[in-house]
Amino acid sequence: MTGAAVGVIAVLALLLFGTGFLLGRTARPVRPSDVGTPVEHATFETLHTASLAAPPLRAGLTEESARRSARRLRSLLGTDALCLTDRDRVLVWDGEGDHHGTDVMQHVRELLASGRDTAFRTDCGDLDCPLRWAVAVPLTVDHRVLGTLVAYAPRESAVLARAAGEVARWVCVQLELAELDRSRTQLIEAEIKALRAQISPHFVFNSLAAIASFVRTDPEQARELLLEFADFTRYSFRKHGEFTTLADELHSIDQYLALVRARFGERLSVTLQVAPEVLPVALPFLCLQPLVENAVKHGLEGAVTRSRITISALDAGAEAEVVIEDDGTGMEPERLRRILRGEGGASTGIGLLNVDERLRQVYGDDYGLVIETGVGAGMRITLRLPKYRAGVHGS
């Protein structure tokens, strides 16, 4: 548990003990056999209840996690009813007066936009309903409001308002940990996909066949190609380091293209333009090779004459800009959008999707692939790489 979470829980214990007295209830009645002062008992109860509510929230803010944690969150606050929402709907209602669930989103609409706590009267016409006042607090992760926690009570209470804020902060800590878990898992899965999927079995077979074709006619060429193939596969299947340098990635691409040119000869023309100052820039391992493989595939698909591929890596101030362009068959923009949403199928466009996801995970959503294409218009892929980013170091 992080230091922030421990601090939140400590404040919760003191606040919630007072809340229980003011609202006429505690999380659980103190038994005569319990040892310790009332404050110590309230602290223990708070920590125990929080520990039970934490595991569901580590799955993120979903209907299932909200349902499994709501009762314990309400117990922490000792209030009559509690509601959890995402940005669009009520995820769960726990406690009395569930008829108020129909107007919750109307009350929290401004909160979702501003990210600021709000309190409101319920104006309930049911004389038997105990819910007369509520406080709503945003659930925020990385400056994004994911939803709200809304606590209801018979009357206005400054203590409940503060306690609800502390509970919401503790929930946010759990949701942040869920985001970290999800990002870590996705990164590992993406790396495995990169190592397994980007080295096409067809490419391996075709490269060996091309090398074999030179064994008798040009043994020296066959030897050079075999060394290129060995170095390329060694780099591609290396097991150390999440990141590499632009220099190493471009060197691997040069080896890959040497093998491709051995097969297609003059049908493939490749132009490289590289600024020396960007060569030390670090980037996720195997980010460029799948894009070049994609350019080769689409550049030579159905080509009856020469296909041209241009690769540039240029200095753009605080960033390096890499552009990979081909004059091949291109693609329908809608099909491309489906691929980048992961809807292209198990064997379609996995290279583009993989690279796009990894760039966004490492650098943020502003650094995804920018792809320009159309049927018969070729494809131009642009990616930007910050020259420096904490935790990103070539190996």
Side-chain angles (χ1 to χ4, degrees), residues 1-12 14-16 19 50 53-54 56-70 72-74 76-77 79-95 100-123 131-153 156-183 360-361 363-368 390:
M1 184 175 293
T2 65
V6 173
V8 168
I9 290 173
V11 176
L12 275 174
L14 297 176
L15 284 172
L16 301 179
T19 305
L57 293 170
R58 290 293 295 273
L61 187 61
T62 65
E63 188 171 351
E64 175 65 16
S65 66
R67 182 187 64 80
R68 293 176 58 196
S69 62
R72 293 189 172 97
L73 293 177
R74 185 166 73 90
L76 282 174
L77 288 171
T79 190
D80 294 79
L82 179 137
C83 173
L84 291 173
T85 81
D86 59 16
R87 293 191 62 87
D88 303 311
R89 62 193 176 98
V90 173
L91 297 175
V92 66
W93 182 282
D94 189 80
H100 287 288
T102 58
D103 58 7
V104 171
M105 298 310 296
Q106 179 181 348
H107 287 296
V108 302
R109 185 180 297 116
E110 185 176 343
L111 179 154
L112 291 169
S114 66
R116 297 178 180 177
D117 301 5
T118 186
F120 56 89
R121 297 192 178 279
T122 63
D123 297 325
L131 308 183
R132 300 296 168 183
W133 181 82
V135 58
V137 187
L139 300 176
T140 306
V141 175
D142 290 335
H143 307 291
R144 294 178 292 119
V145 179
L146 302 183
T148 66
L149 179 151
V150 188
Y152 287 80
E156 185 174 345
S157 169
V159 175
L160 176 60
R162 188 175 176 191
E166 296 299 336
V167 169
R169 287 192 192 94
W170 178 82
V171 171
C172 291
V173 170
Q174 306 309 311
L175 296 179
E176 286 176 357
L177 292 173
E179 291 278 330
L180 289 174
D181 288 344
R182 188 179 300 111
S183 296
R360 293 176 188 275
Q361 288 164 5
Y363 302 118
D365 285 337
D366 291 339
Y367 287 90

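Numbering of residues begins at 1 and proceeds along the displayed sequence.
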With a cut-off of 3.5 Å and sequence neighbours excluded, list every side-chain donor-acceptor pair involving residues 81-91.
residue: Thr85; atom: OG1; partner: Thr148; partner atom: N; Å: 3.4
residue: Thr85; atom: OG1; partner: Thr148; partner atom: OG1; Å: 2.7
residue: Asp86; atom: OD1; partner: Asp88; partner atom: N; Å: 2.8
residue: Asp86; atom: OD1; partner: Arg89; partner atom: N; Å: 2.7
residue: Arg87; atom: NH1; partner: Leu112; partner atom: O; Å: 3.3
residue: Arg87; atom: NH1; partner: Val145; partner atom: O; Å: 2.9
residue: Arg89; atom: NH1; partner: Glu63; partner atom: OE1; Å: 3.3

Check whether any side-chain heavy atom of Leu77 lies under 4.5 Å from a side-chain heavy atom of Leu149, and answer yes or no.
yes
List the atom of His100, the atom of Leu131, and the distance in Å for their closest heavy-atom pair.
CD2-CD1, 3.7 Å
If you take all heavy atoms of Ser157 and Trp133, which pair is closest and at what distance?
O-CH2, 3.4 Å
Rounded at 0.5 Å granularity, tell me how far CG in Leu57 sits from CG in Leu73.
6.0 Å
Nearest 0.5 Å, please: how far is CG in Leu111 from CE in Met105?
9.5 Å
Heavy-atom pair with the smallest gap, counting every atom of Ala53 and Ser69:
O-CB, 3.9 Å
Hey, could you give me each pair passing salt bridge (Lys or Arg N to Asp or Glu O under 4.0 Å) that has a residue in residues 131-141? Not counting sequence neighbours.
none
Show your reasoning for whether side chain to side chain contact (heavy atoms under 4.5 Å, CB included) applies to Trp170 and Gln174.
CA-CA 7 Å; Trp170 178 82; Gln174 306 309 311; 3.4 Å; yes
Does Ala151 offer a backbone N or O that forms a donor-acceptor pair with the side chain of Thr79 under 3.5 Å?
no
Nearest atoms (heavy-atom pairs only) where Thr140 meets Glu176:
O-OE2, 4.2 Å
Which atoms form the tightest heavy-atom contact between Ala136 and Val108, and what is the distance?
CB-CG1, 3.9 Å
Quick test of your reading of the model: are Glu110 and Arg116 salt-bridged, counting only N-O distances below 4.0 Å?
no
Enter the distance from Thr62:OG1 to Arg68:CZ here, rounded to the nearest 0.5 Å.
9.0 Å
For the side chain of Ser65 and the backbone of Gly60, is there at least one donor-acceptor N/O pair under 3.5 Å apart?
yes
Partner set under side chain to side chain donor-acceptor pair (under 3.5 Å) for Arg144, not counting sequence neighbours:
none
Mutual orientation of the aromatic rings belonging to Phe120 and Tyr152 [parallel < 30°, tilted 30-60°, perpendicular > 60°]:
perpendicular
Which pair of heavy atoms, one from Val137 and one from Ala168, lies closest together, and at what distance?
CG1-CB, 3.5 Å
